[in-house]
Chemist: 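Structure incoming, see below.
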Amino acid sequence: MGRVLNRFQKGHEDMTRVLVTGGAAGIGLAVAKRFVASGARVLACDVDEATLNKALDDVPGLLGLPCDVSVVADIDALFSALDHQLGGLDVLVNNVGIGGPTLPADQLASEDWQRVLDINLTGTFEVTRRAIPLLKQSAGTIINMSSAAGRYGYPNRIAYATTKWGLIGFTKTLAMELGAHDITANAILPGAVGGERFDRVIAGRADISGRSIEEETALGLASQSIKRIVPPEHVADLAHFLTTPAGRSMSGAALPIDCDLQHG
Ligand code: NAD
């Protein structure tokens, strides 16, 4: 942990302070990069220290700390480091989310169900409740990474869909509770986003259906109006937009970015 903390940099001129959970890879890393590019001071936390170290090597200026959002002691350590190193927080991006096993409900083990809830919901809550006092000081922005699985049913991913719907209620409630402090809270609902996770999801579906990867990819795109996969950078641009003056006139919204996914 100490080695990563040493990568904190001082003397940066942009005062926007951003925390991205699960910021070492995928969408979280794209979001972290987007804010770094805009000149913000960005702290990425992630449970995967090796991947986090790689991200820190690849993105000059990015700050990082290992943290498992399902471990309260880790979150406490994250916030004391954040307070010490950034001196506050303007933007919280609750990006961490795991899918859990791809199984029908009656075959999903209780501990697998619980693990998805612990990370996707309770971890997000524990991070957010510690961030709120800091965000009240800065009139900050909260962005929660939900999913198209927070709009539709998602067969064989019942725990995931339950948490992603849960994050919508979480977001709308935060927007109402915190609006008087000029804090905005919005949820982003990506559909199929390119990257390793998308590849894993398709492989999981193919395992269950017996179809090929190519057939599963075509099936996935069949329910989208626009027949392509969303690049993670587009999700990052949407997150960044929510911190601009126009974006900060929006709160309590659930924003799909999914090439118009339709499940009828
Ligand atoms: P990913 O698996 O590529 O990256 C997630 C990061 O979170 C990883 O670096 C991982 O190490 C980290 N992480 C996992 N558990 C953690 C924990 N307990 N504590 C701290 N860090 C942890 O995922 P992604 O595809 O980039 O997805 C990011 C978010 O976007 C998730 O919430 C996901 O549900 C959501 N989402 C993704 C897609 C997609 O197609 N990729 C679609 C809809 C929604």
Side-chain angles (χ1 to χ4, degrees), residues 1 4 19-34 43-56 58-59 62 64-75 77-78 92-100 102 112 114-127 143-152 154 157 159-168 170-171 187-205 216-217 220-221 224 228-236 238-239 254-259 261:
M1 182 175 285
V4 177
L19 172 62
V20 184
T21 68
I27 294 172
L29 179 59
V31 170
K33 280 183 181 169
R34 178 66 185 83
L43 171 56
C45 76
D46 205 287
V47 71
D48 182 342
E49 191 165 349
T51 306
L52 181 60
N53 279 324
K54 184 176 180 318
L56 296 177
D58 292 348
V59 186
L62 179 63
L65 193 73
C67 169
D68 182 339
V69 301
S70 67
V71 176
V72 162
D74 277 17
I75 304 176
L78 170 67
L92 169 63
V93 184
N94 282 314
N95 168 73
V96 163
I98 63 162
T102 304
D112 289 329
Q114 192 60 50
R115 180 89 187 128
V116 176
L117 267 62
D118 285 348
I119 292 174
N120 296 10
L121 284 180
T122 307
T124 300
F125 166 70
E126 293 291 349
V127 169
I143 298 165
N144 297 317
M145 207 57 73
S146 176
S147 168
R151 294 176 76 199
Y152 305 108
Y154 195 170
R157 286 290 176 97
Y160 183 70
T162 300
T163 62
K164 294 301 179 179
W165 279 80
L167 285 175
I168 307 296
F170 183 76
T171 301
I188 295 179
L189 284 63
V193 175
E196 279 178 29
R197 189 195 189 99
F198 177 76
D199 297 343
R200 282 201 306 271
V201 168
I202 292 295
R205 288 182 192 167
E216 282 298 341
T217 304
L221 294 182
Q224 293 182 189
R228 57 181 159 77
I229 295 164
V230 177
E233 292 75 19
H234 291 187
V235 182
L238 177 55
L255 302 165
I257 175 162
D258 60 3
C259 290
L261 178 61

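It should be emphasised that the depicted structure is a prediction, and the values quoted were computed from it without experimental measurement. In each ligand, atom 1 is the first atom listed, and ligand 1 is the first ligand listed. Note: hydrogens, waters and symmetry copies are ignored here, and every other heavy atom, side chains too, is used.
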Chemist: Who pairs with R205 by salt bridge (Lys or Arg N to Asp or Glu O under 4.0 Å), at least two apart in sequence or on another chain?
Modeler: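 For R205 there are no salt bridge (Lys or Arg N to Asp or Glu O under 4.0 Å) partners, ignoring immediate neighbours.
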
Chemist: Is S146 near ligand 1, meaning one of its heavy atoms is under 4.0 Å from it?
Modeler: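 Yes; S146 lies near enough to ligand 1 that a heavy-atom distance drops under 4.0 Å.
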
Chemist: Should you measure from each heavy atom of R200, which atoms of ligand 1 turn up under 4.0 Å away?
Modeler: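 Within the 4.0 Å cut-off of R200, ligand 1 contributes 2 (O).
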
Chemist: Which atom names give the shortest non-hydrogen contact between A55 and L29, and what distance separates them?
Modeler: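 Looking at all heavy atoms of both residues, the closest pair is CB-CD1, 3.8 Å.
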
Chemist: Looking only at distances, please establish whether an N/O atom of ligand 1 is found under 3.5 Å from an N/O atom of V193.
Modeler: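 Yes: some nitrogen or oxygen of V193 is under 3.5 Å from one in ligand 1.
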
Chemist: For residues L167 and M145, report the shortest heavy-atom separation together with the two atoms involved.
Modeler: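 Taking L167 first and M145 second, the nearest heavy atoms are CD1-O, 3.5 Å.
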
Chemist: Show me which atoms of ligand 1 lie under 4.0 Å from any heavy atom of G97.
Modeler: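 Going through ligand 1 atom by atom, the ones under 4.0 Å from G97 are 31 (C), 32 (O).
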
Chemist: Checking contacts here: is it the side chain or the backbone of P232 that comes within 4.0 Å of ligand 1, counting heavy atoms only? Could be both or neither.
Modeler: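 Neither part.
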
Chemist: Okay, side chain of S70, backbone of G123: is any donor-acceptor separation there less than 3.5 Å?
Modeler: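 Checked: no pair found.
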
Chemist: Identify the protein heavy atom lying closest to atom 37 (C) of ligand 1, giving its residue, its atom name and the separation to 0.1 Å.
Modeler: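 The closest one turns out to be I27 CD1, 3.5 Å.
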
Chemist: Run through V96, D68, I119, V69 and flag the one making a side-chain contact (heavy atoms from CB on, under 4.5 Å) with V47.
Modeler: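 Checked V96, D68, I119, V69 against V47; only one passes side-chain contact (heavy atoms from CB on, under 4.5 Å): D68.
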
Chemist: Report yes or no: does M145 have a heavy atom closer than 4.0 Å to ligand 1?
Modeler: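 Per 4.0 Å heavy-atom rule, M145 contacts ligand 1.
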
Chemist: Determine yes or no for a side-chain-to-main-chain donor-acceptor pair under 3.5 angstrom, with W165 supplying the side chain and Y160 the backbone.
Modeler: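 No, the answer is negative, given that no donor and acceptor are paired below the 3.5 Å cut-off.
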
Chemist: Only heavy atoms of D48, strictly under 4.0 Å: list the atoms of ligand 1 that pass.
Modeler: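 Heavy-atom distances to D48 below 4.0 Å select 11 (O).
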
Chemist: For atom 9 (O) of ligand 1, what's the nearest protein heavy atom and its distance?
Modeler: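 The protein heavy atom lying closest is D46 OD2, 2.6 Å.
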
Chemist: Considering only protein heavy atoms, which is closest to atom 1 (P) of ligand 1, and at what distance to one decimal place?
Modeler: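 Protein heavy atom at minimum distance: R197 NH1, 3.8 Å.
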
Chemist: Atoms of ligand 1 less than 4.0 Å from G26 heavy atoms?
Modeler: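 Reading through ligand 1 atom by atom, the close ones are 3 (O), 26 (O).
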
Chemist: So among T122, T124, L121, which one has a side-chain contact (heavy atoms from CB on, under 4.5 Å) with T163?
Modeler: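 Exactly one pass, corresponding to L121.
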
Chemist: Nearest protein heavy atom to atom 7 (O) of ligand 1, by residue and atom, and its distance?
Modeler: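 Sorting protein heavy atoms by distance from atom 7 (O) of ligand 1 puts G22 CA, 3.4 Å first.
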
Chemist: Please confirm whether K164 comes within less than 3.5 Å of ligand 1 when only nitrogen or oxygen atoms on both sides are compared.
Modeler: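 Yes: some nitrogen or oxygen of K164 is under 3.5 Å from one in ligand 1.
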
Chemist: Work out which heavy atom in V230 is nearest to a heavy atom in I257; give both atom names and the distance.
Modeler: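 It is CG2-O, 3.7 Å.
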
Chemist: Find all atoms of ligand 1 within a distance of less than 4.0 Å from any non-hydrogen atom belonging to I119, and give their numbers and elements.
Modeler: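 Checking each atom against I119, I get 18 (N).
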
Chemist: To the nearest 0.1 Å, how far is atom 19 (N) of ligand 1 from its closest protein heavy atom, and which atom is that?
Modeler: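 Protein heavy atom at minimum distance: V69 N, 3.0 Å.
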
Chemist: Between T21 (side chain only) and N95 (backbone N and O only), is there a donor and an acceptor less than 3.5 Å apart?
Modeler: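 Flag set: sc T21 to bb N95 pair under 3.5 Å.
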
Chemist: Which is closest to atom 42 (C) of ligand 1 in terms of heavy atoms, G191, A192, S147?
Modeler: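 Looking at heavy atoms only, the winner is G191.
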
Chemist: Considering both backbone and side-chain atoms of N95, is one of its nitrogen or oxygen atoms within less than 3.5 Å of a nitrogen or oxygen in ligand 1?
Modeler: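 Indeed, backbone or side chain, N95 has an N or O that close.
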
Chemist: Show the atoms of ligand 1 that are less than 4.0 angstrom away from any heavy atom in D68.
Modeler: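 Within the 4.0 Å cut-off of D68, ligand 1 contributes 17 (C), 18 (N), 19 (N).
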
Chemist: Does N144 use its side chain to pair, donor to acceptor, with the backbone of I168 at less than 3.5 Å?
Modeler: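 Not at all, since once roles are kept as given, no pair shorter than 3.5 Å links the two residues.
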
Chemist: Ignoring angles and geometry beyond distance, decide whether P190 reaches within less than 3.5 Å of ligand 1 through its nitrogen or oxygen atoms.
Modeler: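 Such a contact does not occur with ligand 1.
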
Chemist: Between I143 and V31, is there a side-chain heavy-atom distance shorter than 4.5 Å?
Modeler: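 Side chain of V31 against side chain of I143, heavy atoms only: no contact under 4.5 Å found.
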
Chemist: Please list the nearest protein heavy atom to atom 4 (O) of ligand 1 with its residue and the distance rounded to 0.1 Å.
Modeler: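 Answer for atom 4 (O) of ligand 1: A25 O, 4.0 Å.
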
Chemist: Of the protein's non-hydrogen atoms, which lies at the shortest distance from atom 22 (C) of ligand 1, and what is that distance?
Modeler: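 The answer is V47 CG1, 3.5 Å.
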
Chemist: Should one rank G123, G220, C67 by closest heavy-atom distance to atom 20 (C) of ligand 1, which comes out on top?
Modeler: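 Looking at heavy atoms only, the winner is C67.
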
Chemist: Determine yes or no for a side-chain-to-main-chain donor-acceptor pair under 3.5 angstrom, with D46 supplying the side chain and D48 the backbone.
Modeler: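 At least one qualifying donor-acceptor pair exists.
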
Chemist: Need the ligand 1 atom indices (1-based, order shown) with element for anything under 4.0 Å from a heavy-atom of Y160.
Modeler: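 Reading through ligand 1 atom by atom, the close ones are 33 (C), 34 (O), 35 (C), 36 (N), 43 (C), 44 (C).
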
Chemist: Below 4.5 Å, heavy atoms only, C-beta onward: do L221 and R228 meet side chain to side chain?
Modeler: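 Heavy-atom side-chain distance check fails, nothing below 4.5 Å.
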
Chemist: Does Q114 reach the main-chain N or O of D118 with its side chain, forming a donor-acceptor pair under 3.5 Å?
Modeler: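 Looks like no, no N/O pair under 3.5 Å.
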
